[in-house]
Amino acid sequence: MPWNIPILLTWMRILLVPVFTVLFYLPAGWIAPQTVNWTAAAVFAAAGITDWFDGYLARRWQQTSDFGAFLDPVADKLMVAVALILLVKLDRTAAIYAMIIIGREITISALREWMAQTGRRSSVAVATVGKLKTAAQMAAILLLLAGAPDFFGLNLIFWGNLLMFTASVLTLWSMFYYLKMAWREFQP
């Protein structure tokens, strides 16, 4: 297993998952609820920044590796899945959104693994719709983690759920897009 700064940043993202989770399970009174919300949003944002940064550095410094290509999406999916489960538990978003997003991630991860084994991974490479889905999903999670019903006149829960709905639609769209691309590979 190679060790370099991009991989260390990915490991840091994985280690932020328990930090992020523990914030919501601290005994009542230790930290003000709104402080927990903003701290969790900040930890999630830091994880998102390291996701962009580790990929950028790996490409820039030519330190890409098979292990890094494996670990990076695992870290992403772990952070998003935990955040979605917590948001459902906190009653800030609908369980159907979490089920759609987590279900799609499992499905597409399995599809990519299968396509890689058949030597056709490039047919399910990341598409624009997948990038749009990720942007909407990350913004929605940040707003919902902050959890402020009145932030300078904005209801972050409302806007977060609107973005979560958008992310769910884009999630389904991207899943069907990737499945269609894979299906074409096996047509005679």
Side-chain angles (χ1 to χ4, degrees), residues 6-7 9-11 13-14 16-17 20 44-45 47-60 62-89 92-145 157-188:
I7 287 179
L9 288 171
T10 303
W11 277 113
R13 198 159 67 252
I14 291 170
L16 285 176
V17 173
F20 165 78
F44 189 84
I49 290 167
T50 64
D51 181 29
W52 175 84
F53 206 51
D54 68 21
Y56 171 79
L57 290 177
R59 287 184 299 276
R60 176 126 173 123
Q62 297 178 346
Q63 294 181 342
T64 58
S65 67
D66 289 341
F67 182 72
F70 156 77
L71 191 63
D72 184 68
V74 169
D76 298 345
K77 287 162 186 36
L78 185 59
M79 192 72 171
V80 166
V82 168
L84 288 170
I85 291 166
L86 284 170
L87 289 170
V88 169
K89 180 192 177 298
R92 293 189 193 167
T93 197
I96 189 71
Y97 298 148
M99 290 185 284
I100 288 169
I101 292 169
I102 293 169
R104 180 261 189 207
E105 295 304 331
I106 292 168
T107 301
I108 299 306
S109 292
L111 176 66
R112 285 191 172 127
E113 177 65 26
W114 180 54
M115 295 300 282
Q117 288 179 0
T118 64
R120 297 178 173 133
R121 184 178 177 101
S122 64
S123 65
V124 287
V126 176
T128 301
V129 68
K131 291 179 181 182
L132 291 172
K133 181 266 314 176
T134 299
Q137 170 184 290
M138 299 306 254
I141 291 171
L142 277 172
L143 292 176
L144 291 167
L145 285 172
I157 300 289
F158 170 80
W159 290 106
N161 274 299
L162 185 62
L163 279 170
M164 192 61 76
F165 172 78
T166 303
S168 295
V169 170
L170 290 170
T171 293
L172 292 171
W173 181 6
S174 69
M175 182 177 73
F176 290 120
Y177 171 82
Y178 292 127
L179 290 171
K180 181 180 171 185
M181 293 296 103
W183 181 257
R184 285 183 183 169
E185 288 294 319
F186 295 100
Q187 294 302 305

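Everything quoted here is computed from the prediction, not taken from an experiment.
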Begin from the C-alpha positions of F53 and R13 and carry the test side-chain contact (heavy atoms from CB on, under 4.5 Å) through to its verdict. CA-CA 11 Å; F53 206 51; R13 198 159 67 252; over 6 Å; no
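- Heavy-atom minimum distance, A98 versus V88: CB-CG2, 3.8 Å.
- Looking only at side-chain heavy atoms (C-beta outward), W52 and I49 stay at 4.5 Å or farther from each other.
- Separating the CD1 atom in I157 from the CE atom in M164 is a distance of 10.0 Å, to the nearest 0.5 Å.
- When every heavy atom of A83 is checked against every heavy atom of I141, the shortest pair comes out as CB-CG2, 3.8 Å.
- Closest approach of N161 and A94 over heavy atoms only: OD1-N, 4.2 Å.
- Distance CG/L87 to OH/Y97: 12.5 Å, rounded to 0.5 Å.
- For L163 against A140, the heavy-atom pair with the smallest separation is CB-CB, 3.6 Å.
- Here NZ of K89 is found 15.0 Å from CG of L84. Values are rounded to the nearest 0.5 Å.
- Contact detail for A58 and P6: the closest heavy-atom pair is N-CG, 3.5 Å.
- Relative ring orientation between F20 and F44 is described as tilted, the plane-to-plane angle lying within the 30° to 60° band.
- Rounding to the nearest 0.5 Å gives a distance of 9.0 Å between CD1 of I100 and CE of M175.
- A donor-acceptor pair under 3.5 Å is formed between the side chain of T50 and the backbone N or O of A47.
- Expressed to the nearest 0.5 Å, how far CD1 of I85 lies from OG1 of T93 amounts to 13.0 Å.
- Counting heavy atoms from C-beta on, the side chains of L71 and W11 come closer than 4.5 Å.
- Between the OH atom of Y178 and the CD1 atom of I108 there is a distance of 7.5 Å, given to the nearest 0.5 Å.
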side-chain contact (heavy atoms from CB on, under 4.5 Å) assessment of V74 paired with T10: CA-CA 9 Å; V74 169; T10 303; over 6 Å; no
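- V80 is not listed as a side-chain neighbour of E105, based on a closest heavy-atom distance of 4.5 Å or more.
- In this structure a side-chain-to-backbone donor-acceptor pair under 3.5 Å is missing from D54 to I7.
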